[in-house]
Visitor: 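Mind looking over this structure? Questions follow.
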Amino acid sequence: MAPRSSLTTRVAIVGGGPAGLLLSHLLHRSGIDNVVLELRDRDYTVQRVRAGVLEHDAVALLTEEGLGDRLRSEGLRHDGIYLQFAGERHHIDFAELVGRHVWIYGQQEVVKDLIAAHDANGTPARYEVTGVEVVGIDSDAPAVLFSQGGEEFELGCDFVVGADGFHGVSRLAIPKSDRTTYEREYDFGWLGILAHTPPSSDELVYALHERGFALLSMRSPTVSRLYLQVPPGENIADWPDDRIWDELDTRLALPGWTLERGEIFDKSVTPMRSFVSTPMRHGSLFLAGDAAHIVPPTGAKGLNSAIADVALLRRGLVDHYERQDDAVLDSYSETQLSRSWQTQYFSTWMTRMLHTFSGPDAVFDHQVQLGQLAQLVGSAHAKAHLAEFYTGLPITR
Ligand code: FAD
Ligand code: DHB
């Protein structure tokens, strides 16, 4: 077998999803050499349909870093959301409650903007790498081993960042005895669709219904994104388009309001889980985004948490190289785990409040949820609590 070709960089980033690509872009702008290694091909990473809501501070960061042009011209600024239950729709006005807002802009678009920036900077990720192995994180010579195009490489570096998502390999480089995982599975998932139809509401509608949760979201003035709570592992083949629209109609129904239908051009079922892996740093390996934590999607925190992780990591790496100051890197795991548990709290709270649960207490619990929601929409303090979390915890950068 031919020997491995040696490459070197300062920061080796495993995973070219939003976390990896954004960190790479931030480091490039700070003059820190880095390489992104991505398992999939470039088109695949752009075509994955995922999150759609960007928090206030995430948008400020992307804008500051030269990634805000299309976001601000094509994204949709939303000053609130609607909560729907017991046949009524209630507006939660973020702008009035906390003076902040969110933007609707698909994760696919964020990834496209990042790839365009990488191309413009001449720093494209290495796509279709296989056999990725993170080694030497307890030594002073960490490296990432990988193959690409039939050639074997060893990428020597100062730091490795594992931004390779929930199914990635980086996390597993931390010895099992030093790792603790916290996990919670839900007995339902989300069926999500994209449809060519103008959104039937000016802002997102989160609805609790006896038949299950429904969410009306959007991607643009002509594309709607909608979700239904379904049993986990539901077969998408059992959901022809008419059944999906009928179920959305039932769960989102409101007197005098119509849900506009259109051609469904993407549909999938996503399982729901909470997951946190600690610590987020071991030796010279740092974990970021879904590699370290997953939240249930109610509240749209997944992508935003990944952005928050890499913003702080950039700060820490800049301090390390420019000022020989490791305070931020040394506290990264503790800081982001605290943030992550706060986000888990919000996502769990939203999920429990808005989904239908099964079991012997289901009927009672549904009435408690109605009581909880009635209190929420009647209290400026409770609404401000939701607004503060939804528009996002501060992103330190
Ligand atoms: P990822 O986006 O998972 O990126 C990780 C990257 O690493 C991928 O490109 C992967 O191909 C690559 N990779 C994996 N293994 C390796 C390896 N061994 N070597 C090299 N590269 C590797 N969040 C919301 O807020 N709202 C939503 O509606 C929503 N919907 C979602 C739907 C789905 C199906 C999923 C999976 C997630 C969803 N999320 C949603 C969560 C959100 O999309 C994630 O939080 C976000 O993608 C995290 O970004 P990341 O870069 O950390 O991870
Ligand atoms: C979307 C996803 C979410 O998880 C959410 O809470 C709101 C919107 C979306 O994909 O549009």
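Bear in mind that the values here come from a model prediction, so they are computed numbers and not experimental data. All values below come from the heavy atoms of this structure, side chains included, with hydrogens, waters and symmetry mates left out.
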Visitor: If you draw the axis of the six-membered ring of Y321, does the NZ or CZ of R10 fall within 45° of it and under 6.0 Å from the ring centre?
Guide: yes
Visitor: Using a strict threshold of under 4.0 Å (side-chain N to carboxylate O), is an ion pair present between R42 and D119?
Guide: yes
Visitor: Run through E154, E152, E133 and flag the one making a salt bridge (Lys or Arg N to Asp or Glu O under 4.0 Å) with R4.
Guide: E152
Visitor: Less than 3.5 Å apart, any donor N or O on the side chain of Q344 or S340 sitting next to an acceptor on the other?
Guide: no
Visitor: Could you point out which residue of F188, W349, Y206 forms a ring-ring contact (aromatic ring centres under 6.0 Å, His included) with H355?
Guide: F188
Visitor: Salt bridge or not for D164 and R171, using N-O below 4.0 Å?
Guide: no
Visitor: Do D202 and H78 have side-chain N/O donor and acceptor atoms under 3.5 Å apart?
Guide: no
Visitor: Is it the case that the side chain of H118 and the backbone of L21 share a donor-acceptor pair, with hydrogens and angles ignored and the cut-off at 3.5 Å?
Guide: yes
Visitor: Between the main-chain N or O of L228 and the side-chain N or O of R251, is there a donor-acceptor pair closer than 3.5 Å?
Guide: no
Visitor: Rounded to the nearest 0.5 Å, what separates atom NZ in K301 from atom OH in Y390?
Guide: 7.0 Å
Visitor: Please check if the number of heavy atoms outside E388 that lie under 6.0 Å from its CD is greater than 12.
Guide: no
Visitor: Test your reading of the model: is there a side-chain donor-acceptor pair from E203 to the backbone of D79, 3.5 Å cut-off?
Guide: yes
Visitor: Do R50 and L303 have side chains that get closer than 4.5 Å, going by heavy atoms?
Guide: no
Visitor: Just by distance, do the side chain of T9 and the backbone of N34 share a donor-acceptor pair under 3.5 Å?
Guide: yes
Visitor: Donor-acceptor check, side chain of Q369 to backbone of M353, threshold 3.5 angstrom: yes or no?
Guide: yes
Visitor: Do R211 and T250 meet the criterion of a side-chain donor-acceptor pair at a distance under 3.5 Å?
Guide: no
Visitor: Would you please say whether a donor-acceptor pair under 3.5 Å links the side chains of S5 and E151?
Guide: yes
Visitor: Give me the one residue out of D241, D242, T197 that meets side chain to side chain contact (heavy atoms under 4.5 Å, CB included) with R261.
Guide: D242
Visitor: Taking D41's backbone N and O only, do any of them form a donor-acceptor pair with D43's side chain (distance below 3.5 Å, no angle check)?
Guide: no
Visitor: Any chance you could measure L226, atom CG, to I264, atom CD1, to the nearest 0.5 Å?
Guide: 8.5 Å
Visitor: Do the ring planes of Y332 and F286 sit parallel (below 30°), tilted (30 to 60°) or perpendicular (above 60°)?
Guide: perpendicular
Visitor: Are H320 and D158 linked by a side-chain donor-acceptor pair shorter than 3.5 Å?
Guide: no
Visitor: Ring centroid separation for H101 and H56, is it under 6.0 angstrom?
Guide: yes
Visitor: Is NZ or CZ of K383 both nearer than 6.0 Å to the six-membered ring centre of F94 and within 45° of the ring axis?
Guide: no
Visitor: Quick one: does any side-chain atom of K267 pair with a main-chain N or O of W239 as donor and acceptor, under 3.5 Å?
Guide: yes
Visitor: Could you check whether the rings of W341 and Y182 sit parallel, tilted or perpendicular, using 30° and 60° as the cut-offs?
Guide: perpendicular
Visitor: Is there a side-chain contact between N304 and T343 in this structure, where contact means two heavy atoms from C-beta onward sitting under 4.5 Å apart?
Guide: no
Visitor: Do other residues, nucleotides or ligands put more than 12 heavy atoms under 6.0 Å from E334 CD?
Guide: no
Visitor: Any ion pair linking E65 and R397 (charged N to carboxylate O, less than 4.0 Å)?
Guide: no
Visitor: What distance do L312 atom CG and Q336 atom CD have between them, rounded to the nearest 0.5 Å?
Guide: 5.0 Å
Visitor: Should the pair R281-D330 be classified as a salt bridge under the 4.0 Å nitrogen-to-oxygen rule?
Guide: yes
Visitor: Can any side-chain N or O of R184 pair as donor or acceptor with the backbone N or O of S274 at less than 3.5 Å?
Guide: no
Visitor: State, without any angle test, whether R315 and T396 hold a side-chain donor-acceptor pair at a distance under 3.5 Å.
Guide: no
Visitor: Can you classify the ring geometry of H385 versus F389 as parallel (below 30°), tilted (30 to 60°) or perpendicular (above 60°)?
Guide: perpendicular
Visitor: Is it true that the side chains of H209 and Q229 contain a donor and an acceptor less than 3.5 Å apart?
Guide: no
Visitor: More than 12 non-hydrogen atoms from neighbouring residues, nucleotides or ligands closer than 6.0 Å to CD on E210, yes or no?
Guide: no
Visitor: Check whether R314 reaches the backbone of L23 with its side chain - one donor and one acceptor, N or O, closer than 3.5 Å.
Guide: no
